[in-house]
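Order of the sequence lines fixes the chain letters, A, B, ..., with proteins taken first and strands second; residue numbering starts at 1 for each chain.
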Amino acid sequence: MSDLFPPGLEPPSPPPELRARVLSAASRAFDAAPEHDAWTRALSSPVLRLAWAASVAVLGAAHLFVSLRRAAPPPDPVSPEIRQMARLPRIDVRSLPDEAAPTPIRAEERS
Amino acid sequence: MTRSRALVFAALTVVFVLAGALAWRLRARETDAPARPAAALPRFTGAVPPARVPAPKPVALDLLNPPCWACPDAATWPIRFRTDLDLLAPLGDGAGNSALWLKDFSRPAGARVAEAEAAMKRRVDGPGDVGKVLPPDDPLLREAEPWADRAAMRFYPDVYGLEGFSTPIPNLLVALTLARSWVGRAALHPETSEALEDCRRAIRWGRLLRQDDAVVIQDLVGLACIRIGAEELYDVARRRGDQPLMLVAAMALGEAAPQRLRTAQELTRLGLVPGDEGRGFVEPTEARVDDLVRLAKSDADRRFRLEAIAQLAVARLKGSHGQRTKAEAALDALAKSGRSPADAAQARWAREVAWREVSPMMK
């Protein structure tokens with residue numbers, strides 16, 4: 001390079017500590033770069049993010065569906081007209097022979 | 001790295017919690033269902049086999065013996081007609097099972113349930129107090145006539161299984177409407193021979209409905225069919241001046257009310273409340289469990305044995321330790337007994353049923 005310039009006009013030499021400073025800065029920058037491990041890659045993957053959001057949406061919708069659509073009671077196979085026809089007179093259980101009168105279960109106990 | 005891992009775990013936790021909760025809710029929903037949906041049975045498509053209905057037996061007045069349902073001996077009688085109904089309306093000899101046809105109209109899953117609903121909308125007020133009837137020439141009425149000429153109507157086990165409180169039953173409104181309609185048609189033209197045949201057909205239909213002797217309400221509907229048929233038959237016989245037939249019809253009529261009362265008595269004894277809509281239950285006690293065991297093993301009528309066995313399921317599930325042991329022993333014995341396959345099937349149901357399947361019936 002000294003051949004390019006006339007004597008006495010050469011540019012000044014770089015500072016002698018410049019090489020060390022540059023290498024040191026590069027090393028620090030390399031150390032500071034983020035690591036791309038499996039967790040990070042998974043977290044930043046657009047495909048996995050989309051899959052997670054879709055699964056949460058589907059599961060949430062299923063919960064909503066289950067809440068809204070409660071199990072309907074089974075239809076009564078006996079029509080009210082037949083129930084009326086088959087209605088029998090009450091018989092006083094205390095008048096039945098040879099046994100103690102049974103005690104009807106109270107509504108609050110039917111659980 | 002730690003933060004990324006925590007976020008991934010949190011995201012996965014959300015998914016697993018939602019999925020687990022959904023699975024639990026679906027399972028709870030399935031097990032809480034009070035009854036399994038009725039399976040749709042295939043529609044009967046065969047032809048009706050030919051049948052012959054014999055003439056009624058001649059009435060031997062000196063042999064008639066009107067039963068005394070109010071006498072002490074009656075307490076041991078099975079709840080069936082003591083009068084020989086062959087004097088009024090003997091069953092036909094047609095092969096085939098009428099239940100295979102009638103089951104198609106069963107609610108809610110019968111193959112022809114929509115036709116049954118449509119037919120019920122076609123009903124009109126019948127003559128007298130017979131109630132709602134189909135028009136005399138209704139196609140369903142005509143279609144049903146040969147099925148009343150069969151020798152048998154067996155729902156259990158040919159069509160349905162015995163499942164305790166969830167035992168399926170046929171469409172009794174259709175069955176009763178058919179009998180009412182035949183009786184109503186007879187009442188429109190009581191002087192004709194067709195009127196006599198219509199009354200007898202209604203009685204035969206009731207006899208067929210009572211053959212199963214498995215479900216109390218079906219038996220009561222059968223009894224009602226016989227009663228209304230006998231009532232109109234009495235009137236037809238009166239117009240004809242047929243006094244022996246009038247006498248037998250009156251005897252049969254006189255047996256209908258005692259049978260209903262005895263049925264009410266048996267239901268009360270079983271702990272069912274006969275006047276209530278649906279079923280009533282009573283708290284198991286030592287004496288009651290003993291009584292249920294006795295009824296389940298020895299009642300003369302199968303329908304009451306089956307009800308007693310079903311009640312033993314409640315004793316097994318809700319009784320004290322002693323009552324449970326007693327109920328389980330009786331059910332085991334009945335399940336292994338070769339005396340009656342129907343009793344054994346009901347006992348197996350009562351031995352295995354869970355409370356969640358029984359409790360909806362107590363509402």
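Considering only heavy-atom pairs separated by less than 4.5 Å from chain A, the leading option among B:Ile169, B:Leu223, B:Leu220 is B:Leu220. Between chain B and the options A:Val56, A:Leu43, A:Val58, the largest number of non-hydrogen pairs under 4.5 Å is found for A:Leu43.
To the nearest 0.5 Å, atom CG of residue A:Leu88 and atom CD1 of residue B:Ile217 are 9.0 Å apart. Rounding to the nearest 0.5 angstrom, the gap separating the CG atom in B:Leu7 from the OG atom in A:Ser44 is 11.5 Å. Distance CG/B:Leu172 to CZ/A:Arg83: 10.0 Å, rounded to 0.5 Å.
For chain A, no part of B:Ala175 is nearby; none of its heavy atoms comes within less than 4.5 Å. With a 4.5 Å cut-off on non-hydrogen atoms, A:Ser79 touches chain B through its backbone and its side chain both. Of the atoms belonging to B:Leu176, it is side-chain heavy atoms, and not backbone ones, that fall under 4.5 Å from chain A. Of the two parts of B:Ala11, the backbone and the side chain both hold a non-hydrogen atom closer than 4.5 Å to a non-hydrogen atom of chain A. For B:Val14, the part lying under 4.5 angstrom from a heavy atom of chain A is the side chain only.
With hydrogens and angles disregarded, no donor-acceptor distance shorter than 3.5 Å links the side chain of A:Trp39 to the backbone of B:Val8. With B:Arg260 contributing its side chain and A:Ala86 its backbone, the two residues share no donor-acceptor pair below 3.5 Å.
Under 3.5 Å, the side chains of B:Ser4 and A:Arg41 contain no donor-acceptor pair of N or O atoms.
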Report task. Check step by step if side-chain hydrogen bond (donor to acceptor under 3.5 Å, both in side chains) holds for A:Thr40 and B:Arg3. Result -> CA-CA 9 Å; A:Thr40 308; B:Arg3 182 170 172 271; over 6 Å; no
